[in-house]
Amino acid sequence: MQRTPDPHVPPRPAPISPRVALRAIVVEDSEIDLLVLLSRLKAAGYDVHHRWVDSLDALRAALPAEPWDVIISDYVLSDFDGLDVLNVVRESAPDLPFIVVSGAIGDDVAVAAMRAGAQDYLRKPNLHRLPAIIDRELQNSAERRVQLAAHAQLRESELRLHSILATLEDIIWSIDLKTQRLVYLNPAAVKIYGVPATAFLDGSVDWLDMVHPDDRDKMRLSFKEVSKVGNLTTEYRIVRPDGEIRWIHDRAQVVCNDAGTRIRVDGIARDVTEQKSSQARLFKAANFDSLTGLPNRIMLSERLNRALLRDDGGNNLVALLFVDIDRFKVINDSMGHDAGDDLLRQIADRLSLALRAGDTLARLGGDEFVVILPDLARASDAEKVCRNLMRAIEPPVELHGHPVYCTASMGVALYPQDGGDAGTLLKHADLAMYRAKKEGRNTLRFYNHEEGGAATNRLELERELRSALVNGEFELHYQPQVCLVESGRITGFEALVRWRHPQRGLLSPLEFIPIAEETGLIVPIGTWVLREACRQARLWNTEFNPDLSISANLSARQFSGSDLVDAVTGALGDSGLDSRNLELEITESLLMQDAAKSVRVLRQLKAMGISIAVDDFGTGYSSLAYLKRFPLDVIKIDRSFVSDICDDADDAAICASILALAHALRMKVVAEGVETASQLAFLRMHHCEVMQGYLFSKPLPADDATALLRSGRRQALGFVEIAMA
Ligand code: C2E
Ligand code: MG
Ligand code: MG
């Protein structure tokens with residue numbers, strides 16, 4: 001039968017299959033009406049599976065029994081109405097299509113039913129429209145289900161995202177570009193900022209206020225920049241409410257809508273404080289000296305290169321100062337490494353204070369400091385700075401409660417005249433410092449081009465020194481010691497080591513003994529000297545004079561080792577030298593280093609029959625107390641006093657009193673560096689027993705010394721009274 005289309009309902013879509021299954025609950029109190037309704041539906045192509053209910057209880061029981069497609073309900077029922085039905089249905093099936101089919105229903109009731117959630121209504125005479133309404137509702141309900149599923153899915157993924165964002169360590173944020181307001185911030189904010197995300201979101205805390213004041217301008221600019229450029233990575237500090245400062249690494253990205261308009265900036269912020277501080281620690285360890293906190297060699301060369309590169313229209317003048325603490329080793333060995341470290345720290349502080357802000361003070365290791373003076377007006381300013389530094393070092397340093405006096409030797413190399421690069425300048429400043437050391441310490445030397453060519457840097461020297469022993473490059477020269485009391489004859493020799501360097505010729509001990517001491521090479525060198533000196537002396541004893549003595553210099557390093565007594569015993573045993581003919585020279589400072597141990601070793605040596613001389617007397621501590629305390633036989637008055645005895649009343653007085661004192665203690669005196677007859681006369685007048693110096697002879701190679709002995713030459717002693725007149 002052909003139906004006229006109803007303008008209020010959409011045309012029914014052609015059924016996919018000839019019969020459409022429909023599960024329906026029909027609430028109806030008239031069985032006739034039920035049958036009419038069912039036959040209508042069947043005629044429209046539905047294969048209806050239905051449950052007929054006529055009470056609310058029956059409805060409640062039917063609802064959960066099956067997955068219903070639709071509820072078709074009469075409105076006017078025996079003791080309840082359509083609205084009651086609707087309420088029961090909506091309790092358990094809020095989305096189930098509900099269609100009211102009623103014999104007599106006013107418009108107001110119909111509207112109320114629709115408001116309460118019915119999908120549609122129709123009067124029983126219009127029952128032919130029911131299939132179309134059901135079709136539509138089934139379709140709507142299917143759409144709603146899809147929508148609901150999509151919604152549920154969305155919600156689920158939102159929840160998932162939220163939980164991920166909530167567990168993230170990083171801060172995720174989002175700012176609306178139009179309102180410039182923060183629209184999202186995950187909970188990580190509280191961990192990093194110490195302020196809950198909500199406080200930022202509700203505006204009670206302004207993010208920019210938390211940025212470190214020094215970084216605020218930068219961050220204000222970055223925000224403007226990111227909205228222009230599209231993305232940006234920055235690092236800045238924040239100050240947490242508890243005052244803690246943390247470093248934040250922030251990556252921001254502009255987000256556009258489909259139309260390409262910039263709508264948001266999203267970002268990820270991470271706390272990189274630990275990373276920063278370990279980076280800083282690494283940087284510090286790599287570039288700074290751990291003892292003093294000063295720049296180390298690496299940082300020094302970086303700063304030096306920077307200073308040299310400065311473009312100053314060709315007027316860039318830079319000075320490089322090499323500063324080496326005099327006798328640091330003595331202090332370090334005698335007072336212990338803690339005291340040595342303490343000394344270096346105190347000296348470092350003093351040097352820093354004496355410099356300008358733009359200067360660099362670095363420590364190369366040991367007792368070596370280097371200063372860069374960039375941007376100098378004149379070369380002479382470097383000298384002024386050196387003098388300041390020397391003055392800064394001058395006051396005593398307190399170590400273990402004792403005042404210790406320090407001096408430093410300094411070498412200066414200037415850029416550009418003394419070298420065009422960092423390496424050359426450093427080498428030349430080092431050489432100049434080395435010359436300052438050689439020329440009496442506590443002085444300053446500028447690099448000198450003439451000697452620069454011949455000299456090598458100390459590192460090379462150290463390397464060469466190691467092979468020198470193996471290659472037999474050392475030799476001994478012998479300086480005669482002459483009896484001043486009666487004969488003027490040679491009583492013995494001092495053995496003085498020389499290094500016959502393959503390229504640089506004969507080197508003075510002053511050029512390599514300090515390095516040998518620093519590196520410890522002095523121990524094997526010293527042992528060689530002992531053996532060689534004993535061997536030579538034994539030959540002379542046999543050939544010329546059985547009483548001829550030989551003296552050898554000992555350095556602190558040899559003395560502090562445990563092998564000295566063994567080395568001496570070995571040298572004596574192997575050479576066959578009588579121990580009475582061996583004299584060992586030690587310095588005052590050596591005695592002071594470890595007094596208890598010194599006494600012990602000296603007693604052992606003395607017990608072997610060896611005599612002990614104090615070398616360079618008067619230049620060190622010159623404590624008279626130790627003359628009594630240690631088992632000493634000879635005092636050697638230092639050349640610096642002897643050279644001035646005829647011109648300087650003080651030096652004369654010092655020499656005279658050293659002689660008087662030594663004699664009172666029954667010690668023999670050797671005067672070193674005697675160069676003139678008047679010095680000789682003075683010494684004789686004060687009963688100095690032995691002299692050594694150029695006046696009689698310079699140190700000689702073994703053959704020349706042998707020839708001298710053979711010649712039987714003596715020192716003319718003259719008449720003291722006449723010489724002094
Ligand atoms: P020293 O033990 O005080 O030796 C005396 C130095 O004064 C020697 O210098 C000698 O050549 C120099 N001299 C002697 N008479 C005169 C003079 O009349 N006028 C002048 N101007 N100088 C004079 P040298 O040989 O250069 O030795 C320097 C220092 O090197 C020595 O001073 C000693 O401390 C050290 N030394 C030398 N050989 C050895 C060694 O085998 N072992 C150790 N540890 N040190 C050594
Ligand atoms: Mg000596
Ligand atoms: Mg000496």
Side-chain angles (χ1 to χ4, degrees), residues 327 329-330 437-441 465 468-469 473-482 492-500 506-537 549-561 564 567-568 571 582-590 611-620 634-646 669-680 683 690-702 704-705 715:
R327 298 178 209 280
K329 261 197 62 52
V330 175
K437 275 248 138 115
K438 204 163 105 184
E439 292 174 10
R441 301 186 163 111
L465 201 54
L469 201 61
E473 289 166 12
F474 293 112
E475 56 188 66
L476 290 183
H477 282 197
Y478 300 91
Q479 188 172 34
Q481 297 180 327
V482 173
F493 288 91
E494 178 177 3
L496 295 156
V497 71
R498 305 284 181 264
W499 178 8
R500 195 164 291 280
L506 202 62
L507 297 185
S508 144
L510 296 174
E511 283 181 76
F512 62 87
I513 291 285
I515 298 173
E517 282 176 340
E518 267 171 39
T519 53
L521 283 167
I522 192 65
V523 176
I525 295 174
T527 304
W528 177 84
V529 168
L530 270 174
R531 302 183 69 83
E532 180 58 17
C534 289
R535 193 191 62 80
Q536 183 60 62
S549 69
I550 188 84
S551 57
N553 294 281
L554 286 185
S555 85
R557 201 66 183 250
Q558 280 169 279
F559 203 78
S560 62
L564 179 64
V568 174
L582 179 61
E583 186 173 280
L584 295 176
E585 297 189 6
I586 57 180
T587 56
E588 292 169 274
S589 52
L590 184 150
S611 64
I612 310 293
V614 188
D615 204 355
D616 306 340
F617 189 79
T619 57
V634 177
I635 288 183
K636 296 188 79 175
I637 304 180
D638 190 64
R639 174 155 62 91
S640 55
F641 295 105
V642 174
S643 67
D644 282 344
I645 41 178
C646 299
V669 178
V670 177
E672 289 186 287
V674 181
E675 294 182 349
T676 67
S678 5
Q679 289 165 355
L680 172 66
L683 293 164
V690 177
M691 71 151 239
Q692 183 184 337
Y694 293 174
L695 179 65
F696 185 72
S697 169
K698 288 193 167 186
L700 301 169
D704 295 354
Q715 172 65 46

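Atoms within a ligand are numbered from 1 in the order they appear, just like the ligands themselves.
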> Between the side chain of R639 and the main-chain N/O of E672, is any donor-acceptor distance below 3.5 Å?
Replying inline: no
>> With a heavy-atom distance limit of 4.0 Å, tell me whether V529 approaches ligand 1 through its side chain, its backbone, both, or neither.
In response: side chain
> What do you reckon, does G526 put a non-hydrogen atom under 4.0 Å from ligand 1?
Replying inline: no
> Name of the E494 N, O or S atom nearest the Mg ion (ligand 2)?
Replying inline: OE2
>> Using a 4.0 Å cut-off to any heavy atom of P699, which atoms of ligand 1 qualify?
In response: 11 (O)
> Is the Mg ion (ligand 2) less than 2.8 Å from an N/O/S atom of N553, whether that atom is in the backbone or a side chain?
Replying inline: yes
> Are any of the N/O atoms in L695 less than 3.5 Å from those in ligand 1?
Replying inline: no
>> I need the contact type for D616 against ligand 1. Using non-hydrogen atoms and a strict under-4.0 Å cut-off, is it side chain, backbone, both or neither?
In response: side chain
> Are the side chain of Q558 and the backbone of S555 linked by a donor-acceptor contact shorter than 3.5 Å?
Replying inline: yes
> Does at least one non-hydrogen atom of E494 fall below 4.0 angstrom from an atom of ligand 1?
Replying inline: yes
> Just which atoms of ligand 1 are under 4.0 Å from any heavy atom in S555?
Replying inline: 44 (N)
> For atom 18 (O) of ligand 1, which candidate among Y694, F617, F512, W528 provides the closest heavy atom?
Replying inline: Y694
> Do the side chains of L465 and F474 get nearer than 4.5 Å, heavy atoms only?
Replying inline: yes
> Excluding sequence neighbours, so at least two apart, what forms side-chain contact (heavy atoms from CB on, under 4.5 Å) with R498?
Replying inline: E475, H477, L496, L506, P509, P699
> Which of these passes side-chain hydrogen bond (donor to acceptor under 3.5 Å, both in side chains) with E494: Q479, Q481, Q692?
Replying inline: Q692
> Does Q679 use its side chain to pair, donor to acceptor, with the backbone of E675 at less than 3.5 Å?
Replying inline: yes
> If you take all heavy atoms of V670 and V634, which pair is closest and at what distance?
Replying inline: CG2-CG1, 3.6 Å
>> What I want to know is whether E517 and ligand 1 share at least one N or O pair that is separated by under 3.5 angstrom.
In response: no
> If we only count heavy atoms from C-beta on, is the Q715 to L680 side-chain gap below 4.5 Å?
Replying inline: yes
>> Taking 4.0 angstrom as the limit and counting only heavy atoms of E585, give me the atoms of ligand 1 inside it, by number and element.
In response: 2 (O)
> Short N/O distance, under 3.5 Å, between Q558 and ligand 1?
Replying inline: no
> Going by the order shown, which atoms of ligand 1 are within less than 4.0 Å of some heavy atom of R639?
Replying inline: 7 (O), 19 (N), 20 (C), 21 (N), 22 (N), 23 (C)
> Has ligand 1 got any nitrogen or oxygen that is less than 3.5 angstrom from a nitrogen or oxygen of E672?
Replying inline: yes
> Can you tell me if an N/O/S atom from D615 lies under 2.8 Å from the Mg ion (ligand 2)?
Replying inline: yes
> Hey, mind stepping through E585 and K636 against salt bridge (charged side-chain N to carboxylate O under 4.0 Å, His left out) and telling me if it holds?
Replying inline: CA-CA 9 Å; E585 297 189 6; K636 296 188 79 175; 2.6 Å; yes
> Side chain, backbone, both or neither: which part of Q479 has a heavy atom under 4.0 Å from ligand 1?
Replying inline: side chain
> From E585, does some N, O or S atom reach closer than 2.8 Å to the Mg ion (ligand 2)?
Replying inline: yes
>> Looking at non-hydrogen atoms alone, which of G673, S508, S640, P509 comes nearest to atom 24 (P) of ligand 1?
In response: P509
> Going by the order shown, which atoms of ligand 1 are within less than 4.0 Å of some heavy atom of G693?
Replying inline: 15 (N), 18 (O)
> With a cut-off of 4.0 Å, which atoms of ligand 1 are near a heavy atom of E675?
Replying inline: 17 (C), 18 (O), 19 (N), 20 (C), 21 (N)
>> Within the 4.5 Å heavy-atom criterion, are C534 and R531 side-chain neighbours or not?
In response: no
>> A side-chain contact here means heavy atoms from C-beta on lying under 4.5 Å apart; do F493 and I550 qualify?
In response: yes
>> K437: which residues meet the side-chain hydrogen bond (donor to acceptor under 3.5 Å, both in side chains) condition with it, sequence neighbours left out?
In response: D324, D326
> L584 versus L530: any side-chain heavy-atom pair under 4.5 Å?
Replying inline: yes
